[in-house]
Number of protein chains: 2
Amino acid sequence: MYSVAMSTPERLIESTQELLWERGYVGTSPRAIQQRAGAGQGSMYHHFKGKPELALAAIRRSADERQSLAEEQFSGPGTAVERVANYLRRERDVLRGCPIGRLTQDPEVVADPTLRQPVADTFGHLTLRLTAVLTEGQALGQLDPELDPADTAATIVAVLQGGYVLARAADSVEPFRRATEGAIALLAARELR
Amino acid sequence: MYSVAMSTPERLIESTQELLWERGYVGTSPRAIQQRAGAGQGSMYHHFKGKPELALAAIRRSADERQSLAEEQFSGPGTAVERVANYLRRERDVLRGCPIGRLTQDPEVVADPTLRQPVADTFGHLTLRLTAVLTEGQALGQLDPELDPADTAATIVAVLQGGYVLARAADSVEPFRRATEGAIALLAARELR
DNA sequence: GTCTATAGTTAGATAGAC
DNA sequence: GTCTATCTAACTATAGAC
């Protein structure tokens, strides 16, 4: 299942990441993790205290990976609107949904501050970075100064997360495409030329 | 738990609606449903074939309820933008999330066409109604005719669903408020005066 | 480090008495 | 219609051998 040699703890973490993405915390059993990782019962409990500890490691890693991916678009070239559009149009596995946003629907994740923290941090960081991109665009005279950067940043992140929801409901990427293109058009109308 | 007398099947359906909202399909057990409804094992299986049949009844009812609620704002008074703003600002239990959108994160719901159908219908209907409101606004000369009504409608529904995600991640309604107000401001900028 | 054995609990349902 | 009994499997571990 893994092309390169990987330690047992690594395989356990990656398997947990995948299962949390597909089935959430409530829907993921230690047994399923072990089978996907090709590790035995005793092996898993030797490296991790239990499901919560393993889940925390997996959630933290997924959160870090998403933040790095987002940063690629934000720090790229182009105007503020172009960079936002690049972010929204980035190639995504839309029907699989967002591995981080998905966790907000899990009762045990939101109820546990430790598990929820990396999720909160990811969206907090994302929103701050987008706010900075928009503010920079205003400072450079590219964007209408009347635009509220923080509100607009939240709108953009929400469109993305909501786009996933609509796509999964419809079992089609079409609503995701419409939602993101609609947002890009609304933002582009505020560009100064 | 219920103020008025209610039949056992009714109590089972309402309990299932609540549990699906809170914990999703995967996280909801027949046992938990029975306890919340104050019904016994045999009673539940007498009225419903099993968990899937009961869940379908509950999902259908939640879907109908949401569509009725939305219709109140759409058919109300005001310009197109005002009606959209009323919809986005409607009083909501933001931290509980959307009972329908929530189901899109459930692997067993999206994998079962029968369970997914009411969810797809709800967002399909919602998007069509919003598209009609925006198109009407354009016909009345209230809204920029350059705006794509279908894309913008999808954007609005996505902002709402994504707003819930951000709020639950932050355990605060603030990101939801920012996302929806940001969207309203973007849309208001396209109003013609 | 990994394996097997064991164990209490819950999931999801069926059978049959009342 | 509702209740209790019963059932197979899975869940989430712990213990101890290797």
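Order of the sequence lines fixes the chain letters, A, B, ..., with proteins taken first and strands second; residue numbering starts at 1 for each chain.
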Novice: Name the closest nucleotide to the B:Gln41 side chain, picking from C:dA13, D:dA13, C:dA11.
Specialist: C:dA13
Novice: Any side-chain hydrogen bond (donor to acceptor under 3.5 Å, both in side chains) pairs touching residues 128-139 of chain A, not counting sequence neighbours?
Specialist: A:Glu71-A:Arg129, A:Arg83-A:Glu136
Novice: Base, sugar-phosphate alone, or nothing: which one does B:Thr28 contact when heavy atoms must sit under 4.0 Å apart?
Specialist: sugar-phosphate
Novice: Which of the following nucleotides, C:dA13, D:dG1, D:dT12, is nearest to the side chain of B:Lys51?
Specialist: C:dA13
Novice: Nearest of D:dT2, D:dT14, C:dA11 to any side-chain atom of B:Ser43?
Specialist: D:dT2
Novice: Side chain of A:Ser29: nearest nucleotide among C:dA13, D:dC11, D:dA13?
Specialist: D:dC11
Novice: Calculate the interatomic distance between A:Tyr45 atom OH and C:dT4 atom C1'; express it in whole Å.
Specialist: 15 Å
Novice: Show which side-chain atoms of residues 183-193 of chain A pair as donor or acceptor with protein atoms under 3.5 Å away, not counting sequence neighbours.
Specialist:
from: A:Arg190; atom 1: NE; to: A:Asp144; atom 2: OD2; distance (Å): 3.2
from: A:Arg190; atom 1: NH2; to: A:Asp144; atom 2: OD2; distance (Å): 3.1

Novice: Rounded to whole angstroms, how far apart are CD on A:Gln35 and P on C:dC3?
Specialist: 13 Å
Novice: Is B:Thr8 near enough to D:dG1 that one of its side-chain N or O atoms lies under 4.0 angstrom from OP1 or OP2?
Specialist: no
Novice: With a cut-off of under 6.0 Å to the ring centre and 45° to the axis, is A:Arg92 in cation-pi contact with A:Tyr87?
Specialist: yes
Novice: Check the distance between C:dA13's C1' and B:His47's NE2 and give it to me in whole angstrom.
Specialist: 17 Å
Novice: Which atom pair, heavy atoms only, marks the closest approach of A:Tyr45 to A:Gln34?
Specialist: CE1-NE2, 4.2 Å
Novice: What is the separation between atom CE on A:Met44 and atom C1' on C:dG1, rounded to the nearest whole Å?
Specialist: 15 Å
Novice: Tell me whether the NZ or CZ atom of B:Arg66 lies within the 45° cone about the ring axis of B:Trp21 and under 6.0 Å from its centre.
Specialist: yes
Novice: Of all the choices, D:dT2, C:dT2, C:dA13, which nucleotide is nearest to the side chain of A:His46 once you look at every atom?
Specialist: C:dT2
Novice: Nearest-Å distance, CZ (B:Arg11) to P (D:dG1)?
Specialist: 13 Å
Novice: Can you tell me how far P of D:dA5 sits from CZ of B:Arg31, to the nearest Å?
Specialist: 14 Å
Novice: What's the CZ-C1' distance between A:Phe48 and D:dT14, to the nearest Å?
Specialist: 18 Å
Novice: Output the rounded distance in Å from CG (A:Leu54) to C1' (D:dC11).
Specialist: 15 Å
Novice: Toward the 5' end of DNA chain D, which comes first, A:Gly42 or A:Val26, by nearest nucleotide?
Specialist: A:Val26
